[in-house]
Undergrad: 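Structure below; questions to follow.
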Amino acid sequence: MIIFKYADQLARYIEQQKKAGKVIGFVPTMGALHNGHIALIDQSKQNTGVTVCSIFVNPTQFNNPTDYQLYPNTIEKDIEKLEAAGCDILFLPAIAEMYPQGTANLEKYDLGYLETLLEGKFRPGHFQGVCQVMNRLLKMVNAHKLFMGQKDYQQCMVVSRLLQLMQCPTELITCPTLREADGLAMSSRNLRLTPDDRQKATTIYKCLTLIKQECNQGGSWPVIKNKATQLLTDAGFRIDYVELADANTLEPATAPNKGPQVALIAAFLHDVRLIDNMLM
Ligand code: AMP
């Protein structure tokens with residue numbers, strides 16, 4: 001695996017690979033890699049000729065400074081995992097490489113209602129930060145295919161909107177969520193859970209499974225939502241949201257229906273915020 005720290009060197013290398021007819025796949029991450037990330041690398045390797053992974057903990061997408069400061073850093077293990085997965089290139093830029101003019105007064109993106117509901121509502125500015133870094137990364141890597149996780153459902157919709165706004169030809173491929181044996185969605189933030197909270201964390205998956213089951217049986221959404229909320233509260237979660245939404249638009253739903261729907265949960269265990277979702 002070749003490690004690049006500078007965008008111009010990365011771009012030169014990728015240009016050569018493209019001239020040699022290679023299809024370029026890109027997996028952007030913030031590191032502290034787990035098997036969910038590696039599944040994206042695997043998808044890219046199966047569908048492209050050169051896989052580029054980036055590791056960059058983007059300061060502009062953290063609405064909570066403590067979350068940024070405590071974000072896990074396991075770079076040596078990350079490099080080992082990427083080598084073992086057969087990743088071709090790691091892009092590991094410093095903050096100054098991504099934001100040479102600093103991070104004050106960055107550009108803004110018109111994300112419409114995506115920015116006012118669910119993650120957009122509870123993490124003000126988060127998706128602007130995601131777009132600021134993704135705009136730069138997409139231009140630097142200039143990949144044919146971009147692999148991202150369904151775990152961050154709304155983020156995939158935001159990035160899809162960004163690709164439109166940028167008129168960027170890169171194709172977004174959304175990959176399924178990888179879970180631990182007990183159902184907990186793999187996440188870098190799981191590393192910050194105490195052993196006790198790690199046990200409790202599986203309640204989110206239990207709730208999503210319950211919601212799916214009861215929605216498919218045509219239950220009443222307020223009743224189902226109440227049950228899930230109670231289960232989470234009893235396990236010690238502080239809830240940001242438990243919602244049912246149209247899977248294509250994320251418009252909130254008030255009842256289960258036959259159209260594609262997704263249930264989404266965001267909740268804290270102590271100061272660790274976990275998110276997950278499930279298609280109904
Ligand atoms: P992150 O490092 O958390 O920014 O995530 C980098 C990419 O990995 C994003 O596209 C995530 O949606 C994806 N991802 C995170 N967790 C999982 C998971 N459990 N399964 C599949 N993809 C994931």
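Every number for a ligand or one of its atoms is a count from 1 in the order of the listing. All heavy atoms count here, side chains included; hydrogens, waters and symmetry mates do not. The first residue of the sequence shown is numbered 1, and numbering continues consecutively from there.
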Undergrad: Would you mind running through ligand 1 and noting each atom that sits below 4.0 Å from a heavy atom of Gly36?
TA: 18 (C), 20 (N), 21 (C), 22 (N)

Undergrad: Give me the nearest non-hydrogen protein atom to atom 3 (O) of ligand 1 as residue plus atom name, then the distance to 0.1 Å.
TA: Tyr71 OH, 3.8 Å

Undergrad: Can an N or O of Cys175 be found at a distance shorter than 3.5 Å from an N or O of ligand 1?
TA: no

Undergrad: Quick check on Arg179 - does any of its heavy atoms sit under 4.0 Å from an atom of ligand 1?
TA: no

Undergrad: Name the closest protein heavy atom to atom 13 (C) of ligand 1, giving the residue it belongs to and the distance to 0.1 Å.
TA: Leu40 CD1, 3.6 Å

Undergrad: Would you find more than 12 non-hydrogen atoms of other residues, nucleotides or ligands less than 6.0 Å from Gln199 atom CD?
TA: no

Undergrad: Identify the residue among Gln132, Met134, Gln128, Met30 that makes a side-chain contact (heavy atoms from CB on, under 4.5 Å) with Gln61.
TA: Met30

Undergrad: For ligand 1, is there an N or O atom under 3.5 Å from any N or O atom of Met186?
TA: yes

Undergrad: Any idea which protein heavy atom is nearest atom 21 (C) of ligand 1, and the distance to it?
TA: Pro176 O, 3.5 Å

Undergrad: For ligand 1 and Asp152, I'd like to know whether there is a polar contact (N/O to N/O, distance under 3.5 Å).
TA: yes

Undergrad: Could you tell me which non-hydrogen atom of Leu264 sits nearest to which non-hydrogen atom of Leu208, and how far apart they are?
TA: N-CD2, 4.5 Å

Undergrad: Assign the ring pair Tyr68 / Phe62 to parallel, tilted or perpendicular, where the plane angle (0 to 90°) is split at 30° and 60°.
TA: tilted

Undergrad: Looking only at heavy atoms, is any part of Pro28 under 4.0 Å from ligand 1, and if so is it the side chain, the backbone, or both, or is it neither?
TA: backbone

Undergrad: For ligand 1, is any non-hydrogen atom under 4.0 Å from Val27's backbone (N, CA, C, O), its side chain (CB onward), both, or neither?
TA: neither

Undergrad: Considering the heavy atoms of Thr177, write down every atom of ligand 1 situated less than 4.0 Å from one of them.
TA: 19 (N), 20 (N), 21 (C)

Undergrad: What protein heavy atom is closest to atom 10 (O) of ligand 1, reported as residue, atom name and distance in Å?
TA: Gly149 N, 3.0 Å

Undergrad: With a cutoff of 4.0 Å, is Cys156 in contact with ligand 1, counting heavy atoms of the residue only?
TA: no

Undergrad: Students should be able to answer this: which protein heavy-atom is nearest to atom 4 (O) of ligand 1, and at what distance?
TA: Met30 CG, 3.7 Å

Undergrad: With a 4.0 Å heavy-atom cut-off (strictly under), which part of His37 contacts ligand 1: side chain, backbone, both or neither?
TA: side chain

Undergrad: Please find the pair of heavy atoms, one from Ala143 and one from Phe26, that lie closest to each other, and give the distance.
TA: CB-CB, 3.6 Å

Undergrad: So if I apply the salt bridge (charged side-chain N to carboxylate O under 4.0 Å, His left out) rule between Asp276 and each of Lys206, Arg189, Arg179, Lys151, which one comes out positive?
TA: Arg179

Undergrad: Please confirm whether Ala32 approaches ligand 1 to less than 4.0 Å, judged on its heavy atoms.
TA: no

Undergrad: Which heavy atom in Lys227 sits nearest to a heavy atom in Glu214, and how many Å separate them?
TA: NZ-OE2, 2.8 Å

Undergrad: Can you find an N/O atom of Met148 closer than 3.5 Å to an N/O atom of ligand 1?
TA: no

Undergrad: Taking all heavy atoms of Leu33 and all of Lys81, pick out the closest pair and write down the distance.
TA: O-NZ, 2.7 Å

Undergrad: Can you list the steps and then say if Asn216 with Lys212 is a side chain to side chain donor-acceptor pair (under 3.5 Å)?
TA: CA-CA 6 Å; Asn216 287 343; Lys212 180 169 182 162; over 6 Å; no

Undergrad: Show, in sequence, the C-alpha distance, side-chain angles and deciding distance for Asn58 and Tyr71, and conclude whether the side chain to side chain donor-acceptor pair (under 3.5 Å) test is met.
TA: CA-CA 10 Å; Asn58 174 37; Tyr71 202 83; over 6 Å; no

Undergrad: Out of Val141, Leu138, Ile24, which residue meets the side-chain contact (heavy atoms from CB on, under 4.5 Å) rule with Thr170?
TA: Leu138

Undergrad: Looking only at protein heavy atoms, which one is nearest to atom 20 (N) of ligand 1, and how far off is it?
TA: Leu178 N, 2.8 Å

Undergrad: Looking only at heavy atoms, which two atoms of Asp246 and Val262 are closest? And how far apart?
TA: O-CG1, 4.3 Å

Undergrad: How far is atom 17 (C) of ligand 1 from its nearest protein heavy atom, and which residue and atom is that?
TA: His34 CE1, 3.7 Å

